[in-house]
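What follows is a short report on a single structure.
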Amino acid sequence: MEIFIFGRDDAADEFDRMKGPNFSHFPVLYNKKGNCIPSRAKVRSFFFIDLPPVLPYNFEAMKWVYVEDIAAYKDKDVEVRGWVYNKRSSGKVRFILVRDGTGILQTTIFSADESHPLFGKFDELTQESSLVVRGRVREDKRAPGGFELTVQDIDILQIARDYPITPKEHTTPFLMEHRHLWLRSRKQHAVLQVRAEVIKAIRDFFDGRGFRLMDTPILTPSACEGTTTLFETKYFDQMAYLSQSGQLYNEATAAAFGKVYCFGPTFRAEKSKTRRHLIEFWMVEPEVAFATLDDAIDLGTDLILFIIERVLTDCRADLEELERDPKLLERITKPFPRMTYDEAVPQLQAKGSLMKYGDDLGAPEETLISELSPNPVCITHFPAKIKAFYMQPDATRPDLALGVDFMAPESYGEIIGGGQRIHDLELLEQRIREYNLPREAYEWYLDLRKYGSCPHAGFGMGVERTVSWMCGIKHIRETIPFPRLLYKIYP
RNA sequence: UCCUCGGUAGCUCAAUUGGCAGAGCGGUUGGCUGUUAACCAAUAGGUUGCAGGUUCGAGUCCUGCCCGAGGAGCCA
C-alpha cells in the first residue's frame, strides 16, 4: 500500500497526471476509515489502496438522490439506491443501468486496470440485484436520458439469482404469473404511473368542484342493482355480498351533502373473459342531488377532459414509453356527440350490426359507435327493460330510461354509465316489485323518496378502462397492479 | 358457460410424409476502451402438459383429462 499526501484541494487532478497501468483514470479514494470519498472532494490527505476493504454501508456518505431528479445534480457527487436493470461491458468500460423506481440511470465504470475492484463488483452483479452506487453526475449525450453517473463506489446489498424476467420476449401468461416482478419493467411502470395520475386527477376534479368523498361499504347485505352476479361471503351468521357499486349509498349521502362521490373497488362475479373485464376493478361514482341526465352528461364530459389534460401534461414521458400517440387524446374536445338509442340502432344496423331493437349494445356495436367520432359518444334513452330498476323513465316515453353510456374512442368501450334516478316513491316501489327484488332490503333506499325526495343523477366511471384508453393498452389487466381475472387470483 | 387456437430447454420458438430433440435469449467461461435489448467465441442445459392407445418406430396420429390464450354473453 502506498500513501500519497497532498496539501492541496485538487487531489484528483494529481491522480489524473499519474495515470499508468496501475491506476484508474477516475481515481477512487478512501479515507483512513476505509470509506469511499468523492474523488474531487476537499481532502487534506488520503490513502490509495489497490483492493478496498468491504465497505460498511454508510447512508450518510453522500446525498441520496432519485434518478428523476438527477439533472439537478450535474457535476455533483451523489448516491443512488436501486436495482440493476441491465449491465453491459466493452473492454475497459462497464455500464450498469440502475433502476430506482423513479427512472433508470446509466452508470459507468472506466479503468485501464482489469483488476480494478469495481470491475470485480461489476462482474458479481446480476439483473435486479440491489445496490447503492456513489459517483459523479455527468452530462453525456451518449447516455440514455442525457445524464450518467461515473461510479466511484458500489455497495452491493443483495445479489439476485436467476431473475425470471429477462430483457427479451416473454408471453403474457408467463409475465402474469410473475406480475409481482413484471411491475418493475418499463412499460408496466409507465402504465401504472398513468393510473396513479388518472386517480389523482379524478380526486382533484371532484374535490375542486366541491364534491365530498363518501366511502361506501364493500360488504353489503344485498345486491345493489340486482343484475350482475355477486361474490358471497359470510357475515357472522348471515350472508353478505361484495359491493358491485356504491351508487345506492351514494344517493343517501348526496341527500346529506348535495354533491358526493365514492371511489373504491367493486366486484363482479361474472364469468367474463375479455380484454375489457376484471373481476375486481375500481370505479368512481359521483352523485348530485337536484341534477338531471343533462347535468350528468356535462359532468362526465368535463371529468374526461380534465383527466386527458392532466395525463397529457404530467405523463408525457410515460406516454412516450408506451408509444402512445398523444394526438389521439389531444383532439378530444367538447361537446361530445350525443345520440339516443332509437337513433343509434338503425345506424348500427346499416353498418352491419345484427342487433335487434331492444337488445343492449354489444362489443361489435361499441366498436361501430367509436368509429363515428374521434370523441367519446354519448348514447342516451335506452329501453328501460335493459337497464337497472332505479333508472328514471323519460317523461314523454316512459318505456325509455334517462340513462347515458359514454363510449370511448378507439373501441375502448363503455367507460361511463349512469343517468337520472327515480325520485317518485310509488314508481320505485313498482319497479322493485317488477324486478322481483326483496323490498325489506330496500326500505332505507325507499326512505330517500319519502323524506325530501328530489331529482338526482350520477354515473360510474371505470378507472381501468379509462387508463387503458389513455395508455393505448389493449388489455385492461395491465392497468392495475394485481389484476383479478376469471379463475385467476395469483399472485 | 359456449366457440376457436395452443402446451417442446429457465424464457421465446423450430422440428419436412410418423424416422437421431434444434436455435436464439438467459446461465457459465473467455475476448473487446462508450455500450444503448451491446457484440464475438466456447460451453452446460430435455419425463416434448398428464394418462392411455395405434405403430418396427410418436413432439407429430387417435381417445380422455389438465392448464393457458383469443373471442362471445354480462358490464365500468
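Labels below follow one simple rule: chain letters A, B, ... track the order of the sequence lines, proteins then strands, and each chain is numbered from 1.
A/Pro164 comes within 4.0 angstrom of nothing in the nucleic acid, heavy atoms only. Nucleic acid contact class of A/Gln127 (heavy atoms, under 4.0 Å, all strands): none. Across all strands, A/Met461 comes closer than 4.0 Å to no nucleic acid atom at all (heavy-atom distances). The residue A/Glu366 sits close to a base: some heavy atom pair falls under 4.0 Å. At a threshold of 4.0 angstrom between heavy atoms, the contacts of A/Arg94 with the nucleic acid are absent. Residue A/Tyr85 is classed as having no contact, given no heavy-atom separation below 4.0 Å to the nucleic acid. Nucleic acid contact for A/Lys474: none, since no nucleic acid atom lies under 4.0 Å from a heavy atom of the residue. If you check every strand for non-hydrogen atoms under 4.0 Å, A/Phe174 touches sugar and phosphate atoms only. Counting any heavy atom pair closer than 4.0 Å across all strands shown, A/His178 reaches no nucleic acid atom. Residue A/Ile416 is in sugar-phosphate contact alone, with no base atom involved, counting any heavy-atom pair closer than 4.0 Å across all strands shown. Residue contacts for A/Arg477: at a heavy-atom cut-off of 4.0 Å it reaches the sugar-phosphate backbone alone, with no base atom in range. In this structure, A/His170 reaches the sugar-phosphate backbone alone: every heavy-atom distance under 4.0 Å involves primed, P, OP1 or OP2 atoms, never a base. Contacts of A/Thr266 with the nucleic acid, taken as non-hydrogen atoms under 4.0 Å apart, are absent. Nucleic acid contact class of A/Glu280 (heavy atoms, under 4.0 Å, all strands): none.
Side-chain to base pairing of A/Arg465 with B/C75: one donor and one acceptor N or O lie within less than 3.5 Å of each other.
The A/Lys488 side chain lies nearest to B/A69 when the options are B/A69, B/U35, B/G70. Closest to the side chain of A/Arg275, from the set B/U35, B/G70, B/A76, is B/G70. Side-chain proximity of A/Leu278 to the nucleotides B/A72, B/U1, B/A76 is greatest for B/A76. Listed candidates were B/U12, B/C75, B/A69. Nearest to the side chain of A/Asp360 is B/C75.
Separation of the C1' atoms belonging to B/G70 and B/A14 is 23 Å when rounded to the nearest angstrom. To the nearest whole angstrom, the two C1' atoms, one in B/A72 and one in B/G53, are 35 Å apart.
The pairing partner recorded for B/G70 is B/C3, the criterion being a Watson-Crick or G-U wobble arrangement whose two distances lie under 3.5 angstrom. Pairing for B/U28 goes to B/A42, judged as Watson-Crick or G-U wobble with the two contacts each under 3.5 Å. A 3.5 Å limit on both hydrogen-bonding distances identifies no Watson-Crick or G-U partner for B/C20. Remark: B/G57 base-pairs with no nucleotide; criterion is Watson-Crick or G-U wobble with both hydrogen-bond distances under 3.5 Å. With a cut-off of 3.5 Å on both pairing distances, the Watson-Crick or G-U wobble partner of B/C50 is B/G64.
In this structure, OH of A/Tyr487 is placed 15 Å from P of B/G70, rounded to the nearest angstrom. Distance A/Ile165 CD1 to B/G26 C1': 13 Å, rounded to the nearest Å. Spacing between atom CE of A/Met407 and atom C1' of B/C75 amounts to 10 Å, rounded to whole angstrom units. Whole-Å rounding puts the A/Ile159 CD1 to B/G27 C1' distance at 15 Å. We find that CG of A/Leu175 is positioned 16 Å from P of B/G68, with the value rounded to whole Å. Between the CG atom of A/Leu485 and the P atom of B/C75 there is a distance of 20 Å, rounded to whole Å. With rounding to whole Å, A/Lys273 atom NZ is found 12 Å from B/A72 atom C1'. If you measure from atom CG of A/Leu486 to atom P of B/C67, you get 12 Å, rounded to the nearest angstrom.
Put simply, A/Thr171 has a side-chain N or O that comes within less than 4.0 Å of OP1 or OP2 on B/U12.
In summary, of the residues considered (A/Lys259, A/Arg421, A/Gln247), a side chain to side chain donor-acceptor pair (under 3.5 Å) with A/Glu287 occurs for A/Arg421 alone. When the options A/Val284, A/Thr466, A/Ile304 are evaluated for a side-chain contact (heavy atoms from CB on, under 4.5 Å) with A/Ile416, the one that passes is A/Ile304.
In terms of modelled atom types and a separation under 3.5 Å, the side chain of A/Glu478 and the main chain of A/His475 share no donor-acceptor contact. Side chain of A/Asp359 to backbone of A/Lys356: a donor-acceptor contact under 3.5 angstrom is found.
Checked for salt-bridge contact, A/Lys121 and A/Glu124 miss the test: no charged N lies under 4.0 Å from a carboxylate O.
Once the 5.5 Å centre distance and the 30° plane angle are applied, the aromatic ring of A/Phe110 is found not to be stacked with the base of B/G34.
Side chains of A/Gln188 and A/Arg179: a donor-acceptor N/O pair is present below 3.5 angstrom, by distance only. Remark: the A/Glu365 side chain and the A/Ser353 side chain contain an N/O donor-acceptor pair separated by less than 3.5 Å.
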